Peer 1: 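Here's a structure for you.
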2 protein chains.
Amino acid sequence: MKLLEKMLSASSDFSEYFATAFSVDNIIFGFDEADLKILLIRRGLERQTPIYQHMWALPGDLVHPTEDLDTAAYRVLEELTGVKNVYLEQVKAFGAVKRHPVGRVITILYFSLVKISRYEVMPNSFADEAQWHTIGSIRQLALAFDHNDIVETGFNALKQRVRVAPIGFELLPPKFTLTELQQLYEAILERTLEKRNFRKKILSMDFIVDLNESQEGVAHRPARLYEFNQAKYEKLVANGFNFEI
Amino acid sequence: MKLLEKMLSASSDFSEYFATAFSVDNIIFGFDEADLKILLIRRGLERQTPIYQHMWALPGDLVHPTEDLDTAAYRVLEELTGVKNVYLEQVKAFGAVKRHPVGRVITILYFSLVKISRYEVMPNSFADEAQWHTIGSIRQLALAFDHNDIVETGFNALKQRVRVAPIGFELLPPKFTLTELQQLYEAILERTLEKRNFRKKILSMDFIVDLNESQEGVAHRPARLYEFNQAKYEKLVANGFNFEI
DNA sequence: GCAAAAGTGTTTACAGTACACCCATGG
DNA sequence: CCATGGGTGTACTGTAAACACTTTTGC
């Protein structure tokens with residue numbers, strides 16, 4: 001039975017099929033002081049339906065009727081963080097019938113990668129309170145809705161993606177040290193990496209370039225600074241290169 | 001602005017946010033005579049909205065209000081093919097505002113893998129006409145809606161998945177030869193593989209077992225038959241094994 | 001001169017790749 | 001006996017993994 005077709009052409013009442021809302025949720029990743037963090041909002045208070053009150057949740061919103069999904073996810077991100085030009089990727093849809101206690105709400109999960117240093121939370125624009133949480137601390141929390149499951153799924157998606165695409169750089173400032181890069185990969189992959197092998201591998205890929213600059217003001221030998229070179233990377237990909245960590 | 005929350009709690013009219021339908025579409029893969037094929041339906045005729053008439057499209061339907069997404073995808077599959085216990089996996093959501101000419105319809109894409117030998121199309125139950133198409137021939141066709149894009153996305157998802165999970169077996173009969181398995185991987189990956197190396201690699205993984213049986217009635221040396229052993233595979237995974245082709 | 005992190009090379013083992021011939025069966 | 005696809009081994013190459021010490025700076 002082709003419900004969609006009937007609905008759109010026949011005169012029968014298919015309004016029940018429109019009794020579903022859909023939203024986007026966004027796992028916003030940041031990297032700070034060797035920790036991978038996720039931006040959560042605390043459910044409040046004046047503006048929201050009184051369910052899951054005071055609990056932490058992923059930022060999200062309904063999708064406007066004339067808005068693409070990616071646009072909606074991007075809007076949520078921008079309203080919350082104020083940043084633009086951010087890496088954003090869809091993960092998947094969550095649509096269990098009872099996942100929202102008030103009605104049927106299907107949500108499309110995204111993750112985004114922001115340079116945490118550049119960013120300021122704007123708590124009064126969107127959420128009553130917003131805060132970065134490590135993945136470890138989130139696992140100790142009961143989040144609103146099915147957001148614990150959703151976070152695990154999104155984190156796994158990041159783990160997979162980071163192995164085949166050079167997106168980790170989106171989480172670092174434009175100039176970074178190899179130690180920072182290694183700590184980032186360790187945080188995402190949740191395991192330690194061997195320093196010499198990591199450096200060999202990363203440098204052999206030939207799309208991060210040595211800036212011939214050094215850290216300043218550190219109480220030890222200053223590290224060299226590098227940057228990611230998108231053009232070099234794309235040239236390699238065009239020639240059949242395959243990124244793997 | 002937390003639209004979802006306002007909508008559910010306030011008395012304002014948010015009905016425009018319910019003016020969106022959502023559906024599932026399913027890329028049903030089968031493997032037959034060394035070709036990877038996708039089951040398409042021809043848009044017809046009596047039952048459907050007169051758009052994209054006579055064009056080929058992916059099978060899909062609206063999601064019922066009290067139905068999980070996976071269930072809906074499974075239902076589409078079962079109504080069309082009659083088969084059960086089939087591998088099914090969500091790919092992603094497609095939600096461009098204008099992707100459906102009649103209204104806003106967000107669709108969740110799935111792919112499923114069926115053993116083509118076991119299956120009979122039931123054209124009178126669901127679609128006016130259903131037919132297997134090779135990926136090559138689909139690329140020559142203009143499909144309805146944005147289904148050409150969707151097919152490419154879904155096919156790429158299969159390509160990725162098959163490299164890290166042993167799901168190829170879902171497309172083969174329970175007993176298969178190594179040549180059939182190789183042809184399957186060649187069809188999915190769209191490249192040739194070297195016979196000796198392929199066999200070494202597959203057999204070294206140790207979860208396909210030699211049945212000590214042979215093909216019958218072939219006009220050449222009969223091939224040995226193998227089967228996939230799920231229990232062995234899971235044991236390996238539990239011990240930290242990682243499948244790769 | 002000491003604390004702290006940066007930086008660097010070599011060896012070993014394993015997996016990927018390339019490659020060509022004999023075997024078993026039906027007709 | 002011929003046509004057809006089935007089945008096998010070896011050498012080479014490159015990448016992954018394991019591993020410990022020296023260097024540079026600030027204080």
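A note on names: the letters A, B, ... follow the listed sequences, proteins ahead of strands, and every chain is numbered from 1. Because the structure is predicted, anything quoted here is derived from the model rather than measured.
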Peer 1: Just the rounded figure in Å: distance from P of D/dT15 to CG of A/Asn242.
Peer 2: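 The answer, rounded to whole Å, is 13 Å.
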Peer 1: Which sits closer to the 5' end of DNA chain C, A/Ala223 or B/Pro222, going by the nucleotide each is nearest to?
Peer 2: A/Ala223
Peer 1: Mind calculating the distance between CZ (A/Phe241) and P (D/dG14) to the nearest angstrom?
Peer 2: 16 Å
Peer 1: Looking just at side-chain N and O atoms, do A/Thr107 and A/Asp25 make a donor-acceptor pair shorter than 3.5 Å?
Peer 2: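 Yes, A/Asp25 and A/Thr107 have a side-chain donor paired with an acceptor closer than 3.5 Å.
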Peer 1: Please give, in whole Å, the distance from D/dG7 C1' to B/Glu180 CD?
Peer 2: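 Answer to the nearest Å: 15 Å.
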Peer 1: When you match B/Ala219 and B/Leu225 each to their closest nucleotide on DNA chain D, which lands nearer the 5' end?
Peer 2: B/Ala219
Peer 1: For B/Asp210 and D/dT8, give me the distance from atom CG to atom C1', rounded to whole Å.
Peer 2: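 B/Asp210 atom CG is separated from D/dT8 atom C1' by 14 Å.
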Peer 1: Would you confirm whether B/Glu227, through its side chain, and B/Leu211, through its main-chain N or O, come within 3.5 Å as a donor-acceptor pair?
Peer 2: no
Peer 1: Give a yes/no on whether any side-chain N or O of A/Thr179 is located under 4.0 angstrom from OP1 or OP2 of C/dA6.
Peer 2: yes
Peer 1: Give the rounded distance in Å between these two atoms: CD of B/Glu213 and C1' of D/dG6.
Peer 2: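 Those two atoms, CD and C1', are 17 Å apart.
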Peer 1: Is there a side-chain contact between B/Leu143 and B/Ile138, using heavy atoms and a 4.5 Å cut-off?
Peer 2: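 They are in contact (side-chain heavy atoms under 4.5 Å apart), so the answer is yes.
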Peer 1: Can you tell me how far C1' of C/dA5 sits from CD of A/Gln183, to the nearest Å?
Peer 2: 10 Å
Peer 1: So does A/Pro59 get a backbone contact from the side chain of A/Asn26, meaning a donor-acceptor N/O pair under 3.5 Å?
Peer 2: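 Checked: no pair found.
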Peer 1: To the nearest Å, give me how far apart CG (B/Leu178) and C1' (D/dG7) are.
Peer 2: 9 Å
Peer 1: B/Leu113 vs B/Leu158, test: side-chain contact (heavy atoms from CB on, under 4.5 Å). Steps then yes/no.
Peer 2: CA-CA 10 Å; B/Leu113 307 179; B/Leu158 175 62; 4.0 Å; yes
Peer 1: Can you find a heavy atom in the side chain of A/Phe111 that is under 4.5 Å from one in the side chain of A/Leu109?
Peer 2: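 Sidechains of A/Leu109 and A/Phe111: no contact.
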Peer 1: Could you tell me how the ring of B/Phe207 sits relative to the ring of B/Tyr233: parallel (under 30°), tilted (30 to 60°) or perpendicular (over 60°)?
Peer 2: perpendicular
Peer 1: Which of residues 191-207 of chain A have a heavy atom under 4.0 Å from DNA chain C?
Peer 2: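 Under 4.0 Å from DNA chain C: A/Lys195, A/Arg196, A/Arg199, A/Lys200.
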Peer 1: Expressed in angstrom and rounded to an integer, what is the separation of B/Arg221 atom CZ from C/dA24 atom P?
Peer 2: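 Rounded to whole Å, this separation is 5 Å.
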